[in-house]
Protein chains: 2
Amino acid sequence: MRPSITADDSTKRIIRALERAGYQATPNRRLVARLVASTGGHFTAAELLERGRQERVNIGRATIFRALDLLASLRVVERLDLPTGAHAYVLCDPDEHHHHLVCSTCGHSVDVADGELARLVDEIGRRAGYRIDAHRLELFGMCSACASEQAAVPGPGSPA
Amino acid sequence: MRPSITADDSTKRIIRALERAGYQATPNRRLVARLVASTGGHFTAAELLERGRQERVNIGRATIFRALDLLASLRVVERLDLPTGAHAYVLCDPDEHHHHLVCSTCGHSVDVADGELARLVDEIGRRAGYRIDAHRLELFGMCSACASEQAAVPGPGSPA
DNA sequence: CGGCGGGATGATACCAGGTCTCATCCGCCG
DNA sequence: CGGCGGATGAGACCTGGTATCATCCCGCCG
Ligand SMILES: [Zn+2]
Ligand SMILES: [Zn+2]
Ligand SMILES: [Zn+2]
Ligand SMILES: [Zn+2]
């Protein structure tokens, strides 16, 4: 198995990224880092705010958004658009271009290497005569945990 | 060259799609169909509303959203998330799964066949142990027209 | 022709996500 | 200690979208 990155590691990584970029690692930002790192999947700004307020009542909504913007600009988190149209954020690795596969049921998300996609994108651009600057790929589905759970407890209506 | 689909064709196609699905092709919806068909790329609901009001002053905002929802449910238009985070809609072909390549400069958009992506997505799902239900790929760049225009009129600052 | 019922519409209130403003605050430096 | 720029919180504001509701329109039936 992989070295299994803990939430603590992630928190530190986020804080280091802040400092490396010359931003203050203020208590609020540390809090956000901790909160972000402790979710295994995506989260919304509102969720983060609510969780944040459990620890620090006076944290402002704007502060959350500012921290999230900052982290997004450092590529430590990324904004995703859920199929529902809602916006969410997800922790991710700033060092390598990749995409996200998220479970629509439990929200967990795994990073997916770009792999062959780069080639594909390139070819598409060439064929269409576009210079492609950016692409976004998002994958939605159900993780194995949720799938087996669903199989074990079939909701009303499935087996007549 | 391809038979070059006109805006008029698209308008009719949209209206036929409405009728086939059992919805009334009311004057408002026809108007929306015409507006949608007459853009070569993406557009926002607000733009559509503004253009609509030039022809029919009293058309309501909700009507535009309702029409757009309807067309989206028929897969005649699709919602896109621009890299800026803004939402836009784009006319598209309901008959075949595909993606969009949009020019960030002029907004024009071309359909891109899924092609090898399906295989790739499948493989990703298998490897991660997810059942993948949906995926979204969006490509952003600059079309050849905008690129040559930019080359002809270099903005201040480019060539020192 | 007159009445009916359901879908479509417009006005408007409302909501959520996100941004802006501004006065205050804080941490760091000298 | 004093000063300064960045960080913060409160709250107004903006925007995309939804919900509500009374009205309207259209096709249909008697
Ligand atoms: Zn899951
Ligand atoms: Zn990629
Ligand atoms: Zn262009
Ligand atoms: Zn596809």
Side-chain angles (χ1 to χ4, degrees), chain A residues 14-15 17-36 42-74 77-90 107, chain B residues 14-15 17-36 42-74 77-90 107:
Chain A
I14 297 173
I15 293 172
L18 275 173
E19 288 169 340
R20 232 183 313 129
Y23 296 103
Q24 298 178 25
T26 65
N28 274 330
R29 288 175 182 167
R30 282 166 194 276
L31 171 59
V32 169
R34 238 179 307 127
L35 294 175
V36 166
H42 58 212
F43 52 90
T44 65
E47 279 162 27
L48 219 64
L49 175 61
E50 191 187 345
R51 292 174 52 207
R53 288 229 158 123
Q54 284 166 17
E55 297 202 28
R56 197 195 309 299
V57 176
N58 267 348
I59 191 165
R61 207 163 72 101
T63 302
I64 297 287
F65 280 105
R66 285 189 281 237
L68 248 17
D69 281 357
L70 202 52
L71 297 186
S73 78
L74 301 175
V77 304
E78 194 171 300
R79 266 174 78 160
L80 312 170
D81 295 287
L82 270 15
T84 62
H87 288 168
Y89 300 79
V90 62
Chain B
I14 296 172
I15 293 172
L18 276 172
E19 287 169 341
R20 232 183 311 128
Y23 296 103
Q24 298 176 26
T26 66
N28 274 330
R29 287 174 182 166
R30 283 166 193 275
L31 171 59
V32 170
R34 238 178 309 127
L35 294 174
V36 167
H42 59 213
F43 52 90
T44 65
E47 279 161 26
L48 221 62
L49 176 61
E50 192 187 343
R51 291 174 52 209
R53 288 227 160 128
Q54 285 167 14
E55 297 201 29
R56 197 195 308 301
V57 177
N58 267 348
I59 193 167
R61 205 163 74 102
T63 302
I64 297 287
F65 279 106
R66 285 190 282 237
L68 249 16
D69 281 357
L70 201 53
L71 296 185
S73 77
L74 301 175
V77 305
E78 194 171 300
R79 265 172 79 159
L80 307 173
D81 296 288
L82 271 16
T84 63
H87 288 168
Y89 299 79
V90 62

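Every chain is numbered from 1 and lettered A, B, ... according to where its sequence line falls, protein lines coming before strand lines. Below, each value reflects all heavy atoms present in this structure, side chains not excepted, and no hydrogens, waters or symmetry copies.
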So, is [X] close to the [N] phosphate, meaning a side-chain N or O under 4.0 Å from OP1 or OP2?
{"X": "A:Thr63", "N": "D:dT8", "answer": "no"}
{"X": "A:Thr26", "N": "D:dT8", "answer": "yes"}
{"X": "A:Asn28", "N": "C:dC26", "answer": "no"}

query = How far apart are the closest heavy atoms of A:Ala88 and A:His42, and which atoms are they?
reply =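 Closest pair (atom of A:Ala88, atom of A:His42, distance): CB-CB, 3.9 Å.
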
Nearest atoms (heavy-atom pairs only) where B:Ala25 meets B:Ile15 =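 Smallest heavy-atom distance, with atoms named: CB-CG2, 3.9 Å.
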
key: Sorted by number, the residues of residues 49-58 of chain B with heavy-atom contact under 4.0 Å to DNA chain C   =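 Contacting residues: B:Asn58.
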
[X] [atom1] - [N] [atom2] separation (whole Å):
{"X": "B:Arg29", "N": "D:dC26", "atom1": "CZ", "atom2": "P", "answer": "13 Å"}
{"X": "A:Leu31", "N": "D:dA7", "atom1": "CG", "atom2": "P", "answer": "16 Å"}
{"X": "B:Arg30", "N": "C:dA8", "atom1": "CZ", "atom2": "P", "answer": "14 Å"}
{"X": "B:Gln24", "N": "D:dC24", "atom1": "CD", "atom2": "C1'", "answer": "12 Å"}
{"X": "A:Leu18", "N": "D:dA7", "atom1": "CG", "atom2": "C1'", "answer": "12 Å"}
{"X": "A:Leu80", "N": "C:dG18", "atom1": "CG", "atom2": "P", "answer": "12 Å"}
{"X": "A:Ile64", "N": "C:dA16", "atom1": "CD1", "atom2": "C1'", "answer": "16 Å"}
{"X": "A:Leu68", "N": "D:dT8", "atom1": "CG", "atom2": "C1'", "answer": "16 Å"}

side-chain contact (heavy atoms from CB on, under 4.5 Å) assessment of B:Thr26 paired with B:Leu31 = CA-CA 9 Å; B:Thr26 66; B:Leu31 171 59; over 6 Å; no

request  = Check the pair B:Asn28 / B:Arg66 against side-chain contact (heavy atoms from CB on, under 4.5 Å), numbers first and verdict last.
outcome  = CA-CA 11 Å; B:Asn28 274 330; B:Arg66 285 190 282 237; over 6 Å; no

request  = Return the orientation label for the B:Phe43 and B:Tyr89 ring planes: parallel under 30°, perpendicular over 60°, tilted otherwise.
outcome  =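 The rings of B:Phe43 and B:Tyr89 lie parallel, inter-plane angle below 30°.
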
query = Any donor-acceptor pair under 3.5 Å linking the side chain of B:Arg29 with the backbone of B:Gln24?
reply =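 Flag set: sc B:Arg29 to bb B:Gln24 pair under 3.5 Å.
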
message = Quick one: does any side-chain atom of A:Arg79 pair with a main-chain N or O of A:His87 as donor and acceptor, under 3.5 Å?
response =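 Pair absent, no side-chain N/O of A:Arg79 close to backbone of A:His87.
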
N/O-N/O pairs, protein side and nucleotides 16-19 of chain D side, under 3.5 Å:
residue, atom, partner, partner atom, Å
D:dG17, OP1, B:Arg79, NH2, 3.3
D:dG17, OP1, B:His87, ND1, 3.1
D:dG17, N7, B:Arg61, NH1, 3.1
D:dG17, N7, B:Arg61, NH2, 2.6
D:dG17, O6, B:Arg61, NH2, 2.5

message = side-chain contact (heavy atoms from CB on, under 4.5 Å), that's the test. Do A:Ile64 and A:Arg61 meet it? Break it down for me.
response = CA-CA 5 Å; A:Ile64 297 287; A:Arg61 207 163 72 101; 5.7 Å; no

key: Atom CD of A:Glu50: over 12 foreign heavy atoms under 6.0 Å   =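 Open: at most 12 neighbouring heavy atoms sit under 6.0 Å from CD of A:Glu50.
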
